[in-house]
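Down below is the structure, laid out as structure tokens.
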2 protein chains.
Amino acid sequence: MTAPMDSAHVFVVDDDGAIREALSSLFRSMGFDVRSFSTAMEFMAHDLPDLPSCLVLDIRLPLISGLEFQSQLARQNIHIPIIFMTGHGDIPMSVRAMKAGAVDFLTKPFRDQDMLDAVASAISFDRSRRLDEKSLLSLRERYSTLSPREQEVMAHVTSGLLNKQIAGKMSLSEITIKIHRGHAMKKMQARSLADLVTMARSLGLSHNGP
Amino acid sequence: MTAPMDSAHVFVVDDDGAIREALSSLFRSMGFDVRSFSTAMEFMAHDLPDLPSCLVLDIRLPLISGLEFQSQLARQNIHIPIIFMTGHGDIPMSVRAMKAGAVDFLTKPFRDQDMLDAVASAISFDRSRRLDEKSLLSLRERYSTLSPREQEVMAHVTSGLLNKQIAGKMSLSEITIKIHRGHAMKKMQARSLADLVTMARSLGLSHNGP
DNA sequence: TGTCGGCCTATACCTTGGTATAGGGTTCCC
DNA sequence: GGGAACCCTATACCAAGGTATAGGCCGACA
């Protein structure tokens, strides 16, 4: 709602200086913050900002191919959305890139508008991914402050067991369960059981098996 | 768990009889139930089984292109996963297909194993999609038996409000809320509040705003 | 050694949830 | 008119949840 067009970053990696120039000025004219590099190494040496961003990548790079670089980023859990460009690519390349999650795969020469559309979609995707990740992170942080017993009780509570049943399962008294449960609610900053259940699902604490 | 390789269906659409033959025998040898067609129309005239299945589609078809057919299926809410084949396709085609959700996009000639891998992945995808859809459908069916008031109460309950607060919001007495709530639990076959919350989320009944 | 945090328990008390029973009302349809 | 479904309310009672107060046990750590 109240999210303006906070400065978004576009990273360009292409060994052709003319293309870097052209893309940089194109993106800058649209209000993006642009950084361009001629190799993947250079890009990796640069610190990624904590802002919505995307990577515009030529598939043919010095030393390492764009596809390899893509999977390298994935292995390092770097989730920046990627838009590929190619002058001489083939279909298997594009399919592999798209399967690996690329946002788009443009063949040179492309229309400026196509590139801008791809970047806009990538940025918007990254923005919402970042929001999701941020809230999940804060959730995990809160969860990590629970003692082992509290985590255990939380799992049982959110799977729908009564305090009495949990007490039986853990061979504890019901009052102890109530205490742990209360602590879990406070630490997780849950305002209701419904809240806690939702949090547990986001954390992957669902033991819904027969 | 107890899901054996229930008969899965592979549909082949290609105007080249030789290819239809070759693929049919390939898939049949792997235990799939195969139906082949030379046009999209023929395929559409065939009833789709309520079983995991996928569609192996040549991108160049008589009358209608494979890509058009793909979006036509999407418009009709037919979600069968698609594997494209092409002899003379280009990159933009493959990218468009993949963006629209195709499982794979193979260039002829392809290795049998590549096609089998794609089909296996498509079938497994469709199987889990069908399971999800089935449970969502049964959920919606149960939800539709709730009276308007019961639905309203369910939404409030699963958003974490106390009976008392719901009563205030709806200008009703607390006991009435309890009644509706109890009915909702019974009709939804929820065994606990946690259950109901989960169901509400699956149904998209989340009013989590500040 | 002391102390701090996690853990377990108990009593007491209050709030909330859940259901049965028993009414009252409406609308729609046979 | 009578039934059926929905809707609302009330009393009464019991089960479950939640918290405060208080105490004991243990291991880690300064």
Review point. Quick one, which residues of residues 140-151 of chain B touch DNA chain C with a heavy atom under 4.0 Å?
Key: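 Residues of residues 140-151 of chain B under 4.0 Å from DNA chain C: none.
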Review point. Is A:Ser173 near enough to C:dC8 that one of its side-chain N or O atoms lies under 4.0 angstrom from OP1 or OP2?
Key: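 So the side-chain polar atoms of A:Ser173 never come under 4.0 Å of the phosphate oxygens OP1 or OP2 of C:dC8.
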Review point. Looking at side-chain heavy atoms only, is the closest gap between A:Ser121 and A:Val103 below 4.5 Å?
Key: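 Yes; the side chains approach each other to less than 4.5 Å.
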Check your understanding: Looking at side-chain heavy atoms only, is the closest gap between B:Val12 and B:Val34 below 4.5 Å?
Key ->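 SC-SC contact between B:Val12 and B:Val34 confirmed.
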Review point. What string of B, S and - do you get for nucleotides 23-29 of chain C, 5' to 3', when a contact is any protein heavy atom under 4.0 Å?
Key: -------
Give me the distances for all protein-to-nucleotides 15-19 of chain C N/O pairs that come in under 3.5 Å?
residue, atom, partner, partner atom, Å
C:dT16, OP2, B:Lys164, NZ, 2.5
C:dG17, OP2, B:Asn163, N, 3.2
C:dG17, OP2, B:Asn163, ND2, 3.3
C:dG17, N7, B:Lys178, NZ, 3.3
C:dG18, OP2, B:Arg181, NE, 2.8
C:dG18, N7, B:Lys178, NZ, 2.9
C:dG18, O6, B:Lys178, NZ, 3.2

Under 3.5 Å, which donor-acceptor pairs link side chains of residues 160-170 of chain A to any protein atom two or more places apart or in another chain?
residue, atom, partner, partner atom, Å
A:Asn163, OD1, A:Arg181, NH1, 2.6
A:Gln165, OE1, A:Leu162, N, 2.7

Review point. Are any of the side-chain nitrogens in B:Asp126 or B:Arg129 under 4.0 Å away from the carboxylate oxygens of its partner?
Key: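 Salt bridge present between B:Asp126 and B:Arg129.
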Practice item. Classify the angle between the aromatic ring planes of A:Phe84 and A:Phe105 as parallel (below 30°), tilted (30 to 60°) or perpendicular (above 60°). Key: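 Taking A:Phe105 first and then A:Phe84, their aromatic rings sit tilted (interplane angle of 30° to 60°).
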Practice item. For the residue pair A:His183 and A:Glu150, confirm or rule out a side-chain donor-acceptor distance under 3.5 Å. Key: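 Yes, because at least one side-chain N or O of A:His183 sits under 3.5 Å from a partner of the opposite role on A:Glu150.
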Review point. When you measure from the side chain of B:Arg142 to the backbone N and O of B:Ser138, does any donor-acceptor pair fall under 3.5 Å?
Key: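 Judged by distance alone, yes, a pair lies under 3.5 Å.
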Indicate every side-chain donor-acceptor pair of residues 94-102 of chain A with a distance under 3.5 Å to a residue at least two apart or in another chain.
residue, atom, partner, partner atom, Å
A:Ser94, OG, A:Ile91, O, 2.8
A:Ser94, OG, B:Ser94, OG, 2.8
A:Lys99, NZ, B:Asp104, OD2, 2.7

Check your understanding: According to the side chain to side chain donor-acceptor pair (under 3.5 Å) rule, which pairs have a member within residues 37-52 of chain A, sequence neighbours left out?
Key ->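 Those involving residues 37-52 of chain A are A:Ser38-A:Glu42, A:Asp50-A:Arg130.
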Point to revise | Distance in Å, A:Phe27 CZ paired with A:Ile123 CD1, rounded so as to fall on 0.5 Å steps | key: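 That separation rounds to 9.5 Å.
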